[in-house]
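Source: prediction; values computed, not measured.
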Amino acid sequence: EIYRLCMQDEARHVSYGTMHLKYFLENHPDRAAAEAELHAVADIAERSFTGFLVNPYLVEPLAVLAGGGIKHIDKGMDAVKIVWGRICEEYLNRCDLAGLDRRSRIKLPAEPPY
């Protein structure tokens with residue numbers, strides 16, 4: 001129940017942020033300038049996020065947990081790769097919802113580099 005409520009709370013935060021970006025873009029007096037500003041921020045954030053997702057101090061423990069132990073780390077790495085794809089796709093979906101096309105400009109690799 002606690003995890004369900006935490007996920008629900010996080011979903012509200014993400015939804016608020018997405019709708020805030022959408023409002024910003026739709027109501028900015030210079031839409032092109034607003035998009036350029038957000039693209040510049042997203043370019044930096046995506047590069048930083050990539051570094052976070054390839055950090056072995058994060059990836060390896062996740063793989064051990066997802067695989068059910070060190071003996072099954074390969075199975076866990078497969079699960080971590082699936083998570084990478086879901087993170088990228090959900091991020092792009094939120095950008096689409098906000099009205100910011102990142103699909104043609106995304107800096108996150110489509111496939112994890114491991």
Side-chain angles (χ1 to χ4, degrees):
E1 181 69 10
I2 289 173
Y3 291 117
R4 185 186 66 75
L5 292 172
C6 286
M7 289 297 294
Q8 184 179 35
D9 192 42
E10 287 306 311
R12 273 194 295 268
H13 295 148
V14 170
S15 178
Y16 173 81
T18 303
M19 293 299 102
H20 188 73
L21 286 176
K22 181 177 179 152
Y23 179 86
F24 173 76
L25 286 170
E26 289 175 348
N27 293 282
H28 196 283
D30 185 350
R31 171 81 185 225
E35 285 184 13
E37 181 181 337
L38 290 176
H39 281 304
V41 170
D43 287 346
I44 294 167
E46 289 168 11
R47 286 185 189 105
S48 299
F49 194 64
T50 301
F52 176 72
L53 287 176
V54 298
N55 184 333
Y57 292 111
L58 174 71
V59 173
E60 290 172 7
L62 283 175
V64 170
L65 289 171
I70 192 75
K71 292 180 182 179
H72 305 287
I73 194 169
D74 290 341
K75 178 181 170 187
M77 283 302 290
D78 291 340
V80 172
K81 289 176 185 178
I82 290 169
V83 169
W84 176 289
R86 289 187 65 191
I87 287 171
C88 291
E89 189 57 32
E90 288 181 20
Y91 164 71
L92 290 170
N93 287 339
R94 287 185 187 101
C95 288
D96 290 344
L97 185 59
L100 184 69
D101 177 23
R102 288 299 299 168
R103 291 185 186 275
S104 61
R105 299 179 57 146
I106 191 166
K107 304 298 181 203
L108 291 170
E111 298 294 323
Y114 41 77

Checklist entry - Considering only heavy atoms from C-beta outward, does the side chain of R4 approach that of E1 to under 4.5 Å? => result yes

Next on the checklist: Test your reading of the model: is there a side-chain donor-acceptor pair from T18 to the backbone of V14, 3.5 Å cut-off?
Outcome noted: yes

Checklist entry - Quick one: salt bridge (charged side-chain N to carboxylate O under 4.0 Å, His left out) pairs with a partner in residues 67-90, sequence neighbours left out? => result R86-E90, E89-R103, E90-R94

Checklist outcome for this item: Going by chain and number, the hydrophobic cluster around L21 (ILVMFWY, side chain to side chain under 4.5 Å) further includes F24, L25, L38, L100

Checklist entry - Shared ILVMFWY cluster between L108 and Y114, side chains joined below 4.5 angstrom? => result yes

Next on the checklist: Do I87 and L92 sit in one hydrophobic cluster, given that two such residues count as connected whenever their side-chain heavy atoms are within less than 4.5 Å of each other, even indirectly?
Outcome noted: yes

Checklist entry - Is the number of heavy atoms from other residues, nucleotides or ligands under 6.0 Å of E111 CD greater than 12? => result no

Next on the checklist: D43: which residues meet the side-chain contact (heavy atoms from CB on, under 4.5 Å) condition with it, sequence neighbours left out?
Outcome noted: R47, R102, R105, K107

Checklist outcome for this item: Sorted by chain and residue number, the side chain to side chain donor-acceptor pair (under 3.5 Å) partners of E26 (sequence neighbours excluded) come out as none

Item to check | Shortest non-hydrogen contact between A79 and A66, atoms and distance | outcome: CB-CB, 3.8 Å

Checklist entry - When you look at NE2 of H39, are more than 12 heavy atoms from neighbouring residues, nucleotides or ligands closer to it than 6.0 Å? => result yes

Checklist entry - Do the non-hydrogen side-chain atoms of W84 and P113 ever get within less than 4.5 Å of each other? => result yes

Which pairs would a plain distance check flag for residues 50-60, meaning a side-chain donor or acceptor within less than 3.5 Å of a matching protein atom at least two apart in sequence or in another chain?
from: T50; atom 1: OG1; to: E46; atom 2: O; distance (Å): 2.9
from: N55; atom 1: OD1; to: Y57; atom 2: N; distance (Å): 2.8

Checklist entry - What pairs with A63 under side-chain contact (heavy atoms from CB on, under 4.5 Å), at least two apart in sequence or on another chain? => result I73, M77, V80

